[in-house]
Each structure stands twice: as structure tokens, then as C-alpha cells.
Novice: 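Sharing a structure below in C-alpha cells format, with a few things to ask.
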Amino acid sequence: MIRARTAAGRLVGEWDGSVAVFRGIPFAAPPVGDLRWRPPRPAARWDGERRAYDFGPAPLQSQPPRDSIMYHTNFADRRALVMSEDCLYLNVWTPDPAHAGGLPVMVWIHGGGNRYGHGGQEIHDGRALAGRGMVVVTLNHRLGALGFLAHPDLAAEDDLGASGNYGLLDIVGALTWVQENIAAFGGDPGRVTLAGNSAGAAHICHLMAAQAARPLFRAALGQSASGIGRAEGPLVEQGEAQKQGLRWAEAFGDRDIAGLRRLDGVELVLRGHFGPVVDGRVLTEPSDEVFAAGRQHAVPLLVGSNLDEGSVYAAPDVLHRLPLESGTDELYPVRDVEEARRTARRFTGESRFTYPVWQWAAEHRRTAPTWVYRFERTPPLPDGLALAPPRDGMPEYGVYHTAELPYALDNLDRRAWPWSEADRELARTMADAWARFVATADPNGGALPVWPAFTGTEVMIFGDAVRAGAVERLEAMRLLARCPRPL
């Protein structure tokens, strides 16, 4: 057993090898009843010692199909998924709870498109990174309508007239908890890196644009998504977001918030697709405008994407959305069926993932040091895996969206796949670079080749070899930059 004292009370954790872990720590009051669709409130104090051996419940959510590559990579855990609307818990891994000097801290935000995910997923386990000399925090935040509904009744009861983004406010609440408590786990509240993948990376981008979050982290790391340059365009403003919320509420036969608060939360999260909006509290203007003016949080940034980001999402009908701009035919050709399939995958990946990440880096490099990576290693899927084929008709998923996760967090053993020594070496190299960035705000050092700061074209390639390289298809990035949104 290992003990720590937080502002709310004493905790008892346990050792996992050489790393202490405290699971299921409440960082806010349960967002239930009248607290549904309100900013998070402080957690209640407790007397005595609280056992922190088990993860708290995950947020209410659906799950990806069990034959999807996303499920097999991210959600096929050995531990049964327990969910509840009472979900605002975080987890801490630390190699030295008594470290007097203060260790660097990484706060990890999970992905899942604001529909899926939680801080207790095995793929996000913090032991391997914590063993490199840092404190790792993972957390839950509200998802779906419970996390992101905007509605005029909610704005009317808010002192700022704000509504939506409760999931983002949960992340701010967890970061505030870290500032107040992480020293009790050996962490330095002045050396916090905010890191995450997919939707989590997009949240980080938005929080870089949010004044309220700026005192809470000193570096940012985003994998395979961005909050700016999005294919769907800039964030929806509050007025339109409230109209969308009213249309969603009509499906329940009761458009007012009092009635919606009486419904079971499970009913609410299974309908609609929600995400961040300009809410008027944490996000007061579109993030694209903040970055374009260079007014974002000027912190060191490490971002990147995968070679085949579009393979999970591409479908033939995406070809109807190809830009009409000059140069499209050369960059996205469709001269025969096989070429059309490749183009559908490439356009989906570049428009939804690769270009927005490139834009994030291109805008931010003028403000603070920025590094960009490209992940090119295809994970070794096991024979006999119950896996649906790609929707675009291509034979394999390749280096798909989230393929980098087990490598970057050095968690290959969380999946019983036929990993090779080359896979393990790549995972060690990536995790070492991530750990250096968390510790020093610069990924360079160790056995890594020199990783030049990004000025528009430079990337570090993590694949069969690790080497410095250049942005692929720079002309496609420039084409997508010229295109009106939505794509």
C-alpha cells in the first residue's frame, strides 16, 4: 500500500511494480440530478482513508462495433466496462510519491469522437511512461449530449449565458485538481504537459485557445486530430448550437431542460453526435480565429498523424465532396476504380486528420517551438481477429487512426498481438521521446536522430526506421488550406 493526502482527504493506493497507482479519485462532484449540464463542482471531502484501488465508472456511452479495428485497438479490455453518469474520476501513476523536487506531469485526454472512451482504458495505462520519471494522470469527462449539449434554457440559468462544453469544463476541472493536488504524488504543478489523441488532441487545441486554461499547463502534445482547420469548419457559435440542441430535444417530446433532466442519461447519450462549440465560458470565440491571430497559449507543441488516417472512415461517397479547386484532379485522381478507392481513403485522411494537424503546427510555429511527427508502422494484427473489412474496399487498414497509441505510450503488451522486437524498439523510442518532451518541452535526446523544429515541412518519421523527413504531399496541404469549409 501507498498513501497520499489530497485537499479532499487521504487516499490509499497500491504499487504496480516500481510505480504507485491511485485509481478512481473524484476530482469533481457527481454531475447528476440538478448538476447535469452544469460546470463541474468541487468534490466533497471524505473522512478517513479512501481506497484508490479501482477505476471509477466510465462516462455513459455506446461502444464501437466489436468487429471494428477501433474496438480491437482501443476498447477490447480484459476488465468489464462499468459506466455511470457519476463519472468524474481521475487516475494517477507516480514512480516516487515523495519526490521533493517535483516530477514532470503528463495529463492524458482520451479520444473517441466525444462518444466513446474513458481514463481507465488499458491502452492508456500510465505505468510505462511513469516508469520513465514522470507522473501520469488520466481522466474521464462527460460525453455525447451529457458533455456537449447547448440549449437556450441552459444559457438562461448560467451566469455568463453560456451553454455546452461541459466535457471541456471537466478537463479544466481535472487540470485545476492537478494544480492543487499533484505535489502530493511527487508531481510539479508548474511542469504539466497536456497530451491526448484524436478527440482528446482536438480538445487540447481548443484549450490552447481558451484563456481560462492557460495557467494550467506549460506544454501540449496532440496525436491525430486538431481543433482548427477542420473539414467541418470552425466551431459552431452559441446561437446555432442552441438551435441544434432544440432540434435534438424534440426527439424526446420535451424541449425544456427540466424535462430532459428527468430522463435516464443512457437515453440521452445514445442520440446525436456532439462536440465543442463556442459556449461563452471556456471558448469565447472560434479557435481558428485565435490561432490565426497568434493569440493562443504560447507553449511548446508536439503533434503528428498516421500514414493511413482515412482507412477507418473512408467510403466511396466521399468522392462527391472532392474540392473544385484547381489542382484537385492531380492530387486526388479518380481515373479507375482502384485509384478512386485510394483517393477516397487519402482525401478522408488528409481532410479530417492530416491537414488539420499540419495547420495546427503551421499556425503555432510562429508563436512557440513546434515539432511534428508522422507514424508509419503497421501494427501486426493477429490471425483470426474478428475484423470487418475496410468500408472503402481496400484490402487492409494500413497505419490506421490510433495505430500509434500502443507505441507512443509503450503499451504493446496491453494487446496480445504478435509484436516483434522491432515493434518493441519503436515503442521504446517513441515513449522515450514523449517522456523527454514532458520533462523538458523538447523531444530531442537519447538515441533519437536530431528532430528539427517545424518551420513548415520538417517531420520525424516513426516507422520501420526512425528518421528525420519531410511533410508528404505538401501541395495537398496547400490545396486544402485554400478550400472553403465545410469540405
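Only a predicted model underlies this, so the values are computations on that prediction, with no experimental measurement involved.
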Novice: Between Arg414 and Asp125, is the closest basic N to carboxylate O distance under 4.0 Å?
Specialist: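 Between Arg414 and Asp125 there is a salt bridge, with a charged N closer than 4.0 Å to a carboxylate O.
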Novice: With sequence neighbours excluded, tell me which residues meet ring-ring contact (aromatic ring centres under 6.0 Å, His included) with Phe274.
Specialist: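 Checked Phe274 against ring-ring contact (aromatic ring centres under 6.0 Å, His included); matches are Trp248.
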Novice: Could you go step by step and tell me if Gln179 and Leu216 meet the side-chain contact (heavy atoms from CB on, under 4.5 Å) rule?
Specialist: CA-CA 7 Å; Gln179 289 296 307; Leu216 305 178; 3.7 Å; yes
Novice: Is there any side-chain hydrogen bond (donor to acceptor under 3.5 Å, both in side chains) pair reaching into residues 183-197, and which pairs are they, with sequence neighbours excluded?
Specialist: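 Listed once each, the pairs would be none.
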Novice: So, taking the atom named CD in Gln296 and the one named CZ in Arg366, what distance separates them when rounded to the nearest 0.5 Å?
Specialist: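 Separation between the atoms: 8.5 Å.
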Novice: Working to the nearest 0.5 Å, report the span between CE of Met106 and CE of Met134.
Specialist: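 If we round to the nearest 0.5 Å, Met106:CE and Met134:CE are 6.0 Å apart.
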Novice: Can you confirm whether the side chains of Gln63 and Gln61 place a donor and an acceptor under 3.5 Å from each other?
Specialist: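 There is such a pair (donor and acceptor under 3.5 Å, judged by atom type) between the side chains of Gln63 and Gln61.
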Novice: Kindly say whether Ala128 contributes a backbone atom to a donor-acceptor pair with the side chain of Asp410 at under 3.5 angstrom?
Specialist: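 No; zero donor-acceptor contacts below 3.5 Å.
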Novice: Which label fits Trp419 and Tyr407: parallel for a plane angle under 30°, tilted from 30 to 60°, or perpendicular past 60°?
Specialist: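 The arrangement is perpendicular - the two ring planes meet at more than 60°.
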Novice: Check Arg247 with Glu240, please: is the shortest side-chain N to carboxylate O separation under 4.0 Å?
Specialist: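 Here Glu240 pairs with Arg247 in a salt bridge, since their nearest N and O are under 4.0 Å apart.
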Novice: Could you walk me through whether Ser226 and Gln359 pass the side chain to side chain donor-acceptor pair (under 3.5 Å) test, one step at a time?
Specialist: CA-CA 8 Å; Ser226 168; Gln359 178 70 7; over 6 Å; no
Novice: Are Phe454 and Leu301 packed together at the side-chain level, in the sense that at least one heavy-atom pair is separated by less than 4.5 angstrom?
Specialist: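 They are not in side-chain contact.
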Novice: Rounded to the nearest 0.5 Å, what separation is found between the CZ atom of Arg374 and the CZ atom of Phe462?
Specialist: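 Nearest 0.5 Å value for the CZ-CZ distance: 11.5 Å.
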Novice: With Tyr400, which residues qualify under ring-ring contact (aromatic ring centres under 6.0 Å, His included), at least two apart?
Specialist: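 Per chain and number, Tyr400 pairs via ring-ring contact (aromatic ring centres under 6.0 Å, His included) with no residue.
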Novice: Suppose we screen for ring-ring contact (aromatic ring centres under 6.0 Å, His included). Which residues come up paired with Tyr89, at least two apart in sequence or across chains?
Specialist: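 Residues passing ring-ring contact (aromatic ring centres under 6.0 Å, His included) with Tyr89: none at all.
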Novice: CZ/Arg262 to CZ/Phe252 distance, rounded to the nearest 0.5 angstrom?
Specialist: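 Separation between the atoms: 14.0 Å.
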Novice: With a 3.5 Å distance limit and no angle check, can you tell me whether Asp423 reaches the backbone of Ser420 through a side-chain donor-acceptor pair?
Specialist: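 Yes, Asp423 side chain to Ser420 backbone: donor-acceptor pair under 3.5 Å.
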Novice: May I ask you to establish whether Arg50 and Trp46 are in a cation-pi arrangement, using a distance under 6.0 Å from NZ or CZ to the six-membered ring centre and at most 45° from the ring axis?
Specialist: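 Yes, cation above the ring, under 6.0 Å and within 45°.
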Novice: Checking side chain to side chain donor-acceptor pair (under 3.5 Å) for the pair Tyr71/Arg66: CA distance, chi angles, key distance, verdict?
Specialist: CA-CA 6 Å; Tyr71 178 83; Arg66 287 179 174 263; 2.7 Å; yes
Novice: Checking Phe437 now: which residues fulfil ring-ring contact (aromatic ring centres under 6.0 Å, His included) with it, not counting sequence neighbours?
Specialist: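 Applying ring-ring contact (aromatic ring centres under 6.0 Å, His included) to Phe437 gives none.
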Novice: Run the side chain to side chain donor-acceptor pair (under 3.5 Å) test against Tyr397 and tell me which residues pass, sequence neighbours left out.
Specialist: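 Not a single residue meets the side chain to side chain donor-acceptor pair (under 3.5 Å) criterion with Tyr397.
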Novice: For a quick check under 3.5 Å, do Gln223 and Trp434 share a side-chain donor-acceptor pair by atom type?
Specialist: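 Judged by distance alone, the side chains do pair up.
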Novice: Side chain to side chain donor-acceptor pair (under 3.5 Å) with Gln121: which residues, sequence neighbours excluded?
Specialist: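 Here no residue qualifies.
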Novice: Run Glu363 and Thr370 through side-chain contact (heavy atoms from CB on, under 4.5 Å) and show every step you take.
Specialist: CA-CA 10 Å; Glu363 294 281 14; Thr370 301; over 6 Å; no
Novice: Can you run down the side-chain hydrogen bond (donor to acceptor under 3.5 Å, both in side chains) pairs that involve residues 18-28, sequence neighbours left out, and say none if there aren't any?
Specialist: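 Qualifying pairs, neighbours excluded: Glu14-Arg23.
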Novice: Check whether NZ of the Lys or CZ of the Arg Arg352 lies under 6.0 Å from the centre of the six-membered ring of Tyr313 and within 45 degrees of that ring's axis.
Specialist: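 Yes, Arg352 lies over the aromatic ring of Tyr313.
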Novice: Could you give all pairs that pass the ring-ring contact (aromatic ring centres under 6.0 Å, His included) test and reach residues 131-158, with sequence neighbours left out?
Specialist: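 Residue pairs passing ring-ring contact (aromatic ring centres under 6.0 Å, His included), neighbours aside: His110-His141, His141-His203, Phe148-His203.
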Novice: Let me confirm one number: the CG-CZ distance from Asp34 to Arg36, rounded to the nearest 0.5 Å.
Specialist: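 With rounding to 0.5 Å, CG (Asp34) is 11.0 Å from CZ (Arg36).
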Novice: Without swapping roles, check the side chain of Thr429 against the backbone of Glu425 for a donor-acceptor pair under 3.5 Å.
Specialist: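 Flag set: sc Thr429 to bb Glu425 pair under 3.5 Å.
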Novice: Taking the side chain as every heavy atom from C-beta outward, state whether Phe217 and Val105 have any pair of such atoms under 4.5 Å apart.
Specialist: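 They are not in contact (no side-chain heavy atoms under 4.5 Å apart), so the answer is no.
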Novice: Taking side-chain hydrogen bond (donor to acceptor under 3.5 Å, both in side chains) as the cut-off, I'd like each qualifying pair that reaches into residues 272-287, sequence neighbours left out, listed once.
Specialist: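 As it turns out, the side-chain hydrogen bond (donor to acceptor under 3.5 Å, both in side chains) pairs with a partner in residues 272-287, which skip direct neighbours, are Asp158-Arg281, Asp159-Arg281, Asn165-Asp279, His206-Ser287, Glu285-Arg295.
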Novice: Side chain of Arg79, backbone of Gly120: donor and acceptor closer than 3.5 Å?
Specialist: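 At least one qualifying donor-acceptor pair exists.
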Novice: Scan residues 5-26 for pairs that pass ring-ring contact (aromatic ring centres under 6.0 Å, His included), counting only residues two or more places apart or in two chains.
Specialist: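 Sorted result for residues 5-26: Phe22-Phe185.
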Novice: Would you call Glu157 and Arg38 a salt bridge, using N to O less than 4.0 angstrom?
Specialist: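 Salt bridge flag = yes for Arg38 with Glu157.
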Novice: Take Leu448 and Asp432 through the side-chain contact (heavy atoms from CB on, under 4.5 Å) test and state the conclusion after the steps.
Specialist: CA-CA 9 Å; Leu448 191 73; Asp432 286 350; over 6 Å; no
Novice: Would you please name every residue forming a side chain to side chain donor-acceptor pair (under 3.5 Å) with Ser198, sequence neighbours left out?
Specialist: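 Per chain and number, Ser198 pairs via side chain to side chain donor-acceptor pair (under 3.5 Å) with His401.
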Novice: Does the side-chain contact (heavy atoms from CB on, under 4.5 Å) test come out yes or no for Leu60 and Cys87, once each step is laid out?
Specialist: CA-CA 8 Å; Leu60 295 179; Cys87 64; over 6 Å; no
Novice: May I ask you to decide if Ala386's main-chain N or O and Asp67's side chain share a donor-acceptor pair within less than 3.5 Å?
Specialist: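 Checked: no pair found.
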